[in-house]
Amino acid sequence: MLNNSTLIPLMVVLPLIMAILVNFLHQKDKSVKFISIVSLIVFVIVPVVTLYGVHLFSGHLRTGSFPEISKMLIPEVYMGIVYSYGTLQKILMLVLTIITGFSVLTVINKKMISGVYVAMIFISLASTSAIMLADDIFNFFVFTEFLVVAQAALVIAVQETKSFKAAFKYMIFGTISGASILLGIALLLGSYGLLNITDLSNAIAAGGQLNSIGLSAVALLTLGWLYESGLFPFHIIKSNMYENAKPEISALLQVQSKFVLVAMAIILFRVFSGYALLKSVMLGFAIFTVVIGSVMALQQIELRKLLSYVAVSQAGLVAVGLGLGTSFGIAAGIFHAVNDVLSMAILFFVASFVYDKFKTTNLDQLREGLHIAPLVGFVMLLATLAISGVPPFNSYQSEWRLIQAATQAGLPELGILVILLSVATFVAIIKAFYMIFMRPGPEVEVNTEVRGTMTKAIIVILIIACLGIGLFPNVVYDPIYNFVLSLGV
Amino acid sequence: MFDYILLFAVALSALMAIIQENLYKSIIILTFESFSLAAIFHFLLATDVAAVQAILGAALLPGLFIVALYKTTKGRDE
Amino acid sequence: MLEKVYEIFHEKMKDKGQGMGIGSALTSEFLMIAFLIIGTILALRTANSTILAFGAIIILAAILFTVPTVFKVEKENNDSINLSSFYVALTLALLFIIFLGGI
Amino acid sequence: MDPFQVGSFLTAGILVVTGLWALLMMDNILKKIIGANLIGDGVNLVLISIGYRPGGFIPEVMHHFHATATPSDYSYLLEFGEFASNASYSLPFALVLTNIVIGASTLSVMLALAVVLYHKYHTLSVQKMFEGDE
């Protein structure tokens, strides 16, 4: 396990280098296109060929015990950033890079290519991978800040007033959450003198009961977690971001925020292992987000807004699994994150197709789409079934495990709530499906230039992936479950 | 003694910068706050941070704010 | 009974599309009610059965008086920055009370 | 704890609370951004105060210690133990440097957005911007 794997930092460094490179190549569209396609292939290959292990930047493996608490002598502090790469990171990295690739391909196909735009996508990819890999709490913080700026820049690039407003709100609250994460880190550093997550977790576990400084740090970091994953008080801001980005970028943004949710929750569980109240609080916020998200999704008459709220409520469902706190629940939550990201990406790509083809995503103005795009309609129907947990698809497997985990954790009521929520999600999206594709009425204006071959290929590939995971869930689920067991939270 | 006065000055000027109605004055007070903070960093034995904070707080930050304010109030006059 | 509820929703949603709109609003209304009941049971089950009984009755009364809740939820979730700020401040205070107060 | 350190923590608390108040309650968009800046300053001050050691010396400026130095060769250099027990703790300084740079870049993006939003709505009031018609 502890081999010093040199390829691990490439997952963060390569996207950053490529971002700088394509940023310089502004307005040279052909070279940007070439470089992005080549680098995307490399980004997908790197997680596959990397060996599991840890990478130590300028550090050495700690031998022996961790330092005494509250004693900040320099020789005893373990400096140097550590990245660790396990099975969970491999699965998440693969899904993330593949969906990033699909997003960039759609962007290229739409002739919206621009060096800065692709650079921002690459920076957000690098930040998300660093957040998932980092075993160092300050490195994690730095990349969350990068992620906020890059995501805001992706939304700003739409150049509409609403997107400016959404990005401004996102950055204002990003300041609060960034400050609260850093303050939490500062409190931990002050009382334990450590930044490495493994060491910190050992030190806190050895220290016994958390004192009031540690508890304040828990509160502050929890606020940061709520912001990064778009749970309750920040759900409006997050759904505004999804709604006002281009739909193919929203497909990327929701992947990033769900994976950051998982990564940061795992960091919190590892650092404050044995502190049960944290998990209950997470569960409370998660349930609230899920319900509010579904209720809001049911009210919408605009496709992108509807999908945004569905994405937020599904993020809440992932957090429900994590908040249950048993290893079965955590594994089910992470598995649901992977599944949900795939089916949600299909829906956002469909929204992208609809937006290009019919020039609007307002459901009141759309009708009779099935004659124009039968394949897209069929795939959207399948994706709707997938996201609401209908058996042959992947979400069924994870939601079934979520309900089982809730029952095992002694909260069978949560199982009922999860079933109700999948029904609500189904109603919300099937309403959109009916209004776009089935509703009779006069012909709508169609942009005949848009053929959407790329989008169609992407959604077909993704729905096949959904079906594959649904038929063989253990290929994905077993590594996740073993990883969660090895965490021992 | 001087360092305690600086701490007091930072706290007071932060409050003043928020309460102040005139935005130009508010930015000048903010610059003062940043610069005093740099001095406090020096007294807290972090000289390198103090240098960075002094450059950012005294030059870059008010510059950005003044440019933004100029762009916005000029638009109002038109 | 259901016709009456439908009438209420019809009245409230005159400008927001009919038919399917009302159907989904009703779905979300039932979801809210289910969530409130299940949430009450979850939160109070751990305390003791007397509190659970009283709490459930209070919540049922509250539901009866606040139906339809959906429009209130929608009003509380608009895009305004001030409302979000209020909820963020509330959450920060709540987190500190929960963790430091040790409830 | 040293009284100066306590004073720094208190000042940092005032900065954070003031900034949070401005960020959440103020209507003017530039005041909100000033509040964001103040929060960042407060957090930086907390971090720097953690590293403070009363009566110690500055690790970066005074070269009392060099990694390859031995006391016999360089008699004017301190021994490692003496250095380590007297110098202020320099890890937070690195964190603060990073945070200052991130804060400055975030601030500039927010200011640019404020300017753009001003040109759309011709007001600095956030209330009017976010509740005006689309």
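Numbers restart at 1 for each chain; the letters A, B, ... are given by sequence-line order, proteins then strands.
- When each of Leu24(D), Leu117(D), Leu95(D), Leu20(D) is scored by its heavy-atom pairs under 4.5 Å with chain A, the top score falls to Leu95(D).
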Self-check item: Verdict with supporting geometry, Leu47(D) and Leu189(A), side chain to side chain contact (heavy atoms under 4.5 Å, CB included)
Solution: CA-CA 9 Å; Leu47(D) 270 165; Leu189(A) 179 71; 4.1 Å; yes

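- Val149(A) touches chain D through its side chain: at least one heavy atom from C-beta onward sits under 4.5 Å away, while N, CA, C and O do not.
- Once rounded to the nearest 0.5 Å, the distance linking CG of Leu113(D) with OH of Tyr170(A) reads 13.5 Å.
- The shortest non-hydrogen separation linking Met171(A) to Met110(D) is CB-CG, 3.9 Å.
- One distance of note links NZ of Lys120(D) with NZ of Lys162(A); it measures 13.5 Å at 0.5 Å rounding.
- Heavy atoms closer than 4.5 Å to chain A are found in the side chain of Thr98(D), but not in its backbone.
- Taking CD1 from Ile176(A) and CG from Leu23(D), the interatomic distance works out to 4.0 Å, rounded to the nearest 0.5 Å.
- Taking every heavy atom of both residues into account, Ile29(D) and Phe168(A) meet most closely at CG1-CZ, 3.3 Å.
- Between Ala179(A) and Ile39(D) the shortest heavy-atom distance is CB-CG2, 3.1 Å.
- Heavy atoms of Phe164(A) lying under 4.5 Å from chain D belong to its backbone as well as its side chain.
- For the set Asn99(D), Asn44(D), Ile33(D), the count of heavy-atom pairs under 4.5 angstrom toward chain A peaks at Asn99(D).
- Residues Val46(D) and Ala186(A) share a closest heavy-atom pair of CG1-CB, 4.1 Å.
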